[in-house]
Q: 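The structure is given below, and queries will be raised subsequently.
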Amino acid sequence: MKIATFNINGIKARLPRLLEWLEEAAPDVVCLQEIKSSDETFPRLEFETRDWHVETHGQKGFNGVALLARAPIREVLRGLPGDPEDHQARYIEADIGGVRVASIYAPNGNPAPGPKFDYKLAWLDRLITHARGLLALERPVVLAGDYNIIPTPQDCHDPDSWKDDALFRPESRAKWRTLIYQGWTDAIRQCHPVGDCFTFWDYQRGAWQRDDGIRIDHLLLSPQAADCLRAAEVDRLVRGREKASDHAPVWVRLALHDSKSGASGGKN
DNA sequence: ATGGTCGGCTTCCGA
């Protein structure tokens, strides 16, 4: 099973590029972030007519996440638990072919310090709490998305320039480490212990041309999913195309070995 | 020191 995450930065502007990448990359599951669309205006027919199952958790103009899958999508959870007052659409989770999959769009948090940074840290605390419960299921789980965290200096071209940024602040990286110490496997680093593996290049200042990137899109695997990990890659060439998102797709391939890996369904 | 680029929505905000 090939599971991908892709911050598309607007479904309306990215639809042709997304459809093109779906054809060539042939993932089984796609976690989308920043659809910047409500559920009502998301072009779900464009996907359903191409044999994708679609579930969205949208918001007009900003944020918004979605799941695309070849197999049926069941037991959908919309919104990150833990704060009934938080109405930002940043989390959707579901059962797909025996795997619990989440599409995550963590807050950016700039400027730091400030209320946006406080919201980011509180949101990550809620993610940490929810993730602990998912580990307790002892099932294959994949938490995929834009975490807006640069985990280590190795994960950016110029650490000095990110020193005071919410994506690289010690508080943000500490939240990341809390997740890792819970028992999640960072799939890209598992398969690529050294090297850049950037997933985002700013539109400004010729960041792509200078390869001034950062690694902020991650797939975290539960132990039961990590046991099945066969490959993890960044489709970085997608970033260099016309009308590209500022993020590249990232994916893992899992060799699921039990009967629950089939698409035949049923509750898990 | 500053400006630079996108997307969505509306004359600006978020990234």
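Because the structure is predicted, anything quoted here is derived from the model rather than measured. Convention: sequence-line order gives letters A, B, ...; per-chain numbering from 1.
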Q: Closest heavy-atom contact between A/V194 and A/Q154?
A: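 Nearest heavy atoms, A/V194 then A/Q154: CA-NE2, 3.5 Å.
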
Q: Quickly work out the A/D146 CG to B/dG14 P distance and round it to whole Å.
A: 17 Å

Q: From CD of A/Q88 over to C1' of B/dA15, roughly how many Å is that when rounded to an integer?
A: 13 Å

Q: Rounded to the nearest angstrom, tell me the gap between atom CG in A/N7 and atom P in B/dC6.
A: 16 Å

Q: Which residues in residues 201-208 of chain A have a heavy atom closer than 4.0 Å to any atom of DNA chain B?
A: A/Y203, A/Q204, A/R205

Q: Relative to the 5' end of DNA chain B, which residue comes earlier, A/K243 or A/Y105, by the nucleotide with the nearest heavy atom?
A: A/K243

Q: Quick one: hydrophobic cluster around A/F198, which other residues, with the 4.5 Å side-chain cut-off, linked directly or via members?
A: A/W201, A/W208

Q: Hydrophobic side-chain clustering at under 4.5 Å (ILVMFWY, transitive links): who's grouped with A/W251? Put none if nobody.
A: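 Result for A/W251 is none, singleton.
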
Q: My understanding is that a hydrophobic cluster links ILVMFWY residues whose side chain heavy atoms are under 4.5 Å apart, including indirect links. Using that, what else belongs to the cluster containing A/F47?
A: A/F6, A/I8, A/I11, A/L15, A/L18, A/L19, A/W21, A/L22, A/V30, A/L32, A/I35, A/F42, A/W52, A/V54, A/L68, A/V238

Q: Without decimals, in angstroms, what is the distance between A/R14 CZ and B/dG7 C1'?
A: 8 Å

Q: Within less than 4.0 Å of OP1 or OP2 of B/dG14, is there a side-chain N or O belonging to A/K116?
A: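 So the side chain of A/K116 is within the cut-off, an N or O lying under 4.0 Å from OP1 or OP2 of B/dG14.
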
Q: Between B/dG7 atom P and A/F42 atom CZ, what is the distance in whole Å?
A: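 Between P of B/dG7 and CZ of A/F42: 17 Å.
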
Q: Which residue lies toward the 5' end of DNA chain B, A/I35 or A/N108, if each is placed at its nearest nucleotide?
A: A/I35

Q: Take atom NZ of A/K12 and atom P of B/dG8, then tell me their distance rounded to the nearest Å.
A: 6 Å

Q: With a cutoff of under 4.5 Å between side-chain heavy atoms, which Ile, Leu, Val, Met, Phe, Trp and Tyr residues group with A/L121?
A: A/F117

Q: Excluding sequence neighbours, so at least two apart, what forms salt bridge (Lys or Arg N to Asp or Glu O under 4.0 Å) with A/R241?
A: A/E20, A/E24

Q: Of the residues in residues 164-174 of chain A, which ones touch DNA chain B at a heavy-atom distance under 4.0 Å?
A: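 Output list: empty, so none.
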
Q: Salt bridge (Lys or Arg N to Asp or Glu O under 4.0 Å): which pairs involve residues 80-91 of chain A, sequence neighbours left out?
A: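 Sorted result for residues 80-91 of chain A: A/D86-A/R126.
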
Q: Whole Å only: how far is the CG atom of A/N148 from the P atom of B/dA15?
A: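 To the nearest whole Å, that distance equals 8 Å.
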
Q: For atom NZ of A/K2, decide whether the heavy atoms of other residues, nucleotides or ligands shown that lie under 6.0 angstrom number more than 12.
A: yes

Q: Could you give the CD1-to-P distance, from A/I8 to B/dC6, as a whole number of Å?
A: 17 Å

Q: Test of understanding: with side-chain contact (heavy atoms from CB on, under 4.5 Å), list the residues that count as partners of A/A102, not counting sequence neighbours.
A: A/Y91, A/E93, A/I104, A/L143

